[in-house]
Amino acid sequence: MRTVQLREIAFVRSGDKGNTSNVGVVPYEPQHLDLLKEQLTVDRVREHFGPLVRGDVTRYEFSGISALNFVLTEALGGGVSRSLALDTHGKAYASLMLAFEVEVPDDITLRLDQ
Amino acid sequence: MSEGRVRIGCGSAYAEDRIEPAVDLVEQGELDYLALDCLAERTLVHAQLRRLEDPDKGYDIRLDRLVRELTAPAVERGITFIANMGAANPAAGARRTKELLAELGHPDTKVAAITGDDVLEYVLERDLRLSNGKRPSEMDYGLVSANAYIGIDPIIESLRRGANVIVGGRIADPSLFLAPAAFEFEWPLDDWDLLAGGQVAGHLLECGTHGSGGNFADPPYRMVPDLWNLGLPIADVYPDGTSTIWKLPGTGGAVDVENCKAQLVYEIHDPSTYLTPDLTVDMREVTLEQKSHDHVFVQGARGRARPDTLKVLVGVREGFTGEGEVSFAGPGALSRAQLAADTVTKRLAHDGVVTEELRIDYIGLNSVHGDATPADAPEPWEVRLRLAARCNTEEAAAAVAQEVEFVYFGSAAGGGVRKTVKPVLAMYSALVPREDVSVTVDILEG
């Protein structure tokens with residue numbers, strides 16, 4: 001096994017509604033969904049986002065497209081028009097998720113190996 | 001409309017979107033419908049403020065340009081035009097559209113005005129509890145606006161009455177795209193699976209170029225061609241609720257399975273229960289399949305009954321933000337920025353400037369990921385200090401910004417001060433029973 005950033009095996013998009021952010025995680029290879037489900041637990045994701053998230057973290061699954069969706073409440077400083085943050089939408093929450101470290105088998109095909 | 005499909009183009013994703021790619025869609029897309037989402041949470045409240053200043057305004061600030069460059073050419077080609085560009089004042093927006101179309105040689109166009117999403121009086125009369133846990137009577141600040149997200153019903157009524165240009169206010173984003181399919185195929189408005197298919201196509205279109213390669217590139221991991229010339233997405237929706245998402249040849253961007261997956265998850269919470277004014281969508285089993293270059297086939301959406309309540313977006317003026325920035329560079333940049341921040345906060349305390357919330361960012365280091373920035377992130381060559389505060393008074397907000405300017409006389413070699421003071425428009429939500437929101441369609445004729 002070796003440790004790589006999530007960026008090597010998945011892409012991410014984040015969005016906002018009010019003070020809630022969602023971070024969708026999509027493995028490039030659908031068969032890597034199980035690996036992500038094992039490691040991207042609610043607790044570890046909460047830890048990764050640290051103080052950015054004041055409310056709950058919930059994980060959902062899109063089985064048809066083999067993707068996970070994390071919903072982070074009280075995570076946008078009061079929402080896009082009230083927040084003092086530069087990135088009021090949390091657009092860059094996606095890129096923070098890309099730095100999440102995952103353990104992968106040594107023989108796994110990474111995105112740039114393809 | 002061609003046999004067996006209705007073709008709907010997305011002409012806009014928000015109030016300041018680029019118009020050029022939508023012109024391409026009108027000219028080359030052989031569309032049946034062009035639908036424009038012109039609103040976001042933030043933009044609607046800004047439109048409300050414009051209406052408060054002038055009761056004849058409050059519709060999309062681009063409206064004249066949209067009508068000249070998109071609506072009129074669409075009408076000329078027999079494309080039906082649907083937009084929530086009426087924003088905070090759909091009646092005035094529809095009148096202005098009608099007037100301009102007449103000037104442009106289309107006096108017979110049937111323009112529909114969809115009104116009734118403004119529920120401010122209702123929210124105030126009932127003193128409804130908002131998502132911040134408070135009722136308007138308990139809040140320190142007054143409400144600016146309250147708009148219910150409305151769905152496809154008034155669009156379908158407009159189409160039945162022969163409208164070819166439809167102007168509304170807070171029509172929910174995906175509903176703008178679902179309505180034409182539901183109307184053309186005469187889908188029963190309680191056939192939830194069919195509506196779900198149309199709503200998912202709408203969801204893939206509603207963010208405009210997000211659906212065709214925007215907000216996706218991450219070189220070298222994800223390469224998207226010709227982003228400078230990004231095209232808008234089009235949906236061919238079929239009678240069974242499936243659809244093909246595609247874009248015009250010769251435009252930049254990409255419509256592929258990866259990009260459509262990213263857009264499918266965008267701004268969704270529980271994928272089994274995506275609440276819209278028209279139905280509850282279950283996206284869990286939606287699948288995407290690359291049919292050909294830049295063409296993705298979508299199927300598998302399921303639906304359930306629509307919610308009994310409509311979501312209302314409530315705008316509240318909540319004081320002011322004052323903000324100042326100053327740059328440091330070279331050896332010791334971060335230390336000097338930190339010293340400047342310390343100086344400013346001490347002086348604000350000394351001067352008795354009251355802030356409700358204060359934020360300090362070191363742009364280049366931690367301004368985006370904040371306290372979740374890795375502790376071992378390398379120190380950058382340049383750091384831009386940013387102080388931002390939310391204050392109850394404009395004077396306090398201005399004082400915060402001004403103190404950042406005084407950094408010119410504080411920590412060494414800080415340069416390039418910028419400062420701004422602006423009103424805060426917070427947004428909260430509430431739920432109202434759908435039967436309490438009475439939506440009206442008026443057809444403006446000749």
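We name chains A, B, ... by the order of the sequence lines, and we start the count at 1 in each one. All heavy atoms count here, side chains included; hydrogens, waters and symmetry mates do not.
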Side-chain touch B/Asn147/B/Gln48, heavy atoms, less than 4.5 angstrom: yes
Chain B heavy atoms under 4.5 Å from A/Phe11: which part of the residue, side chain, backbone, both or neither? both
Presence of salt bridge, A/Glu103 and A/Arg2, under 4.0 angstrom: no
Under a 4.5 Å heavy-atom cut-off, does chain B meet the side chain of A/Glu61, its backbone, both or neither? backbone
Is any side-chain heavy atom of A/Tyr60 less than 4.5 Å from a side-chain heavy atom of A/Phe70? no
Counting only non-hydrogen atoms closer than 4.5 Å, does A/Ser14 touch chain B with its backbone (N, CA, C, O), its side chain (CB onward), both, or neither? backbone
Between B/Glu318 and A/Arg82, is there a side-chain N and carboxylate O pair less than 4.0 Å apart? yes
Can you tell which part of B/Leu358 gets under 4.5 Å to a heavy atom of chain A, answering side chain, backbone, both or neither? backbone
Counting only heavy atoms not in A/Asp113, do more than 12 sit closer than 6.0 Å to its CG atom? yes
Among the listed options B/Ser131, B/Ala389, B/Gly370, the residue most often paired with chain A at heavy-atom distances under 4.5 Å: B/Ala389
Name the region of A/Leu110, side chain, backbone, both or neither, that has any atom closer than 4.5 Å to a heavy atom of chain B. neither
Based on non-hydrogen pairs under 4.5 Å, which of B/Ala388, B/Gly319, B/Ala262 is most in contact with chain A? B/Ala262
Could you have a look at A/Val12, A/Val71, A/Val23 and say which one has the most heavy-atom pairs with chain B under 4.5 angstrom? A/Val71
Please say whether more than 12 non-hydrogen atoms of neighbouring residues, nucleotides or ligands are located less than 6.0 Å from CZ in B/Arg317. no
Let me know if A/Arg7 has heavy atoms under 4.5 Å from chain B in its side chain, its backbone, both or neither. both
Among A/Gly24, A/Ala67, A/Ser95, which has the most heavy-atom pairs under 4.5 Å with chain B? A/Ser95
When B/Glu323 is tested against each of B/Arg390, B/Arg418, B/Arg386, B/Lys419 for side chain to side chain donor-acceptor pair (under 3.5 Å), which residue passes? B/Arg386
Under 4.5 Å from a heavy atom of chain A, the part of B/His210 involved: both
Could you look at A/Leu52 and say if it's the side chain, the backbone, both or neither that has a heavy atom under 4.5 Å from chain B? side chain
Under 4.5 Å from a heavy atom of chain A, the part of B/Tyr428 involved: side chain
Looking at side-chain heavy atoms only, is the closest gap between A/Phe100 and A/Arg44 below 4.5 Å? yes
Considering only heavy atoms from C-beta outward, does the side chain of A/Val25 approach that of A/Asn69 to under 4.5 Å? no
is_close_aromatic(B/Tyr274, B/His269), centroid dist under 6.0 Å: no
A/Glu8/A/Arg111 salt bridge by N-O under 4.0 Å criterion: no
Against chain B, label A/Asp16 side chain, backbone, both or neither, depending on which of its atoms sit under 4.5 Å from a heavy atom there. both
If we define contacts as heavy-atom pairs under 4.5 Å, which of B/Leu264, B/Val368, B/Val424, B/Ile268 has the most with chain A? B/Ile268
If we define contacts as heavy-atom pairs under 4.5 Å, which of B/His369, B/Glu285, B/Glu357 has the most with chain A? B/His369
Heavy-atom pairs under 4.5 Å with chain B - which of A/Gly77, A/Pro51, A/Ser21 has more of them than the others? A/Pro51
Electrostatic pair B/Arg384-B/Glu325, nearest N-O below 4.0 angstrom: yes
Need one label for B/Thr287: side chain, backbone, both or neither, based on atoms under 4.5 Å from any heavy atom in chain A. both
Honestly, the part of B/Asn215 sitting under 4.5 Å from a heavy atom of chain A is both
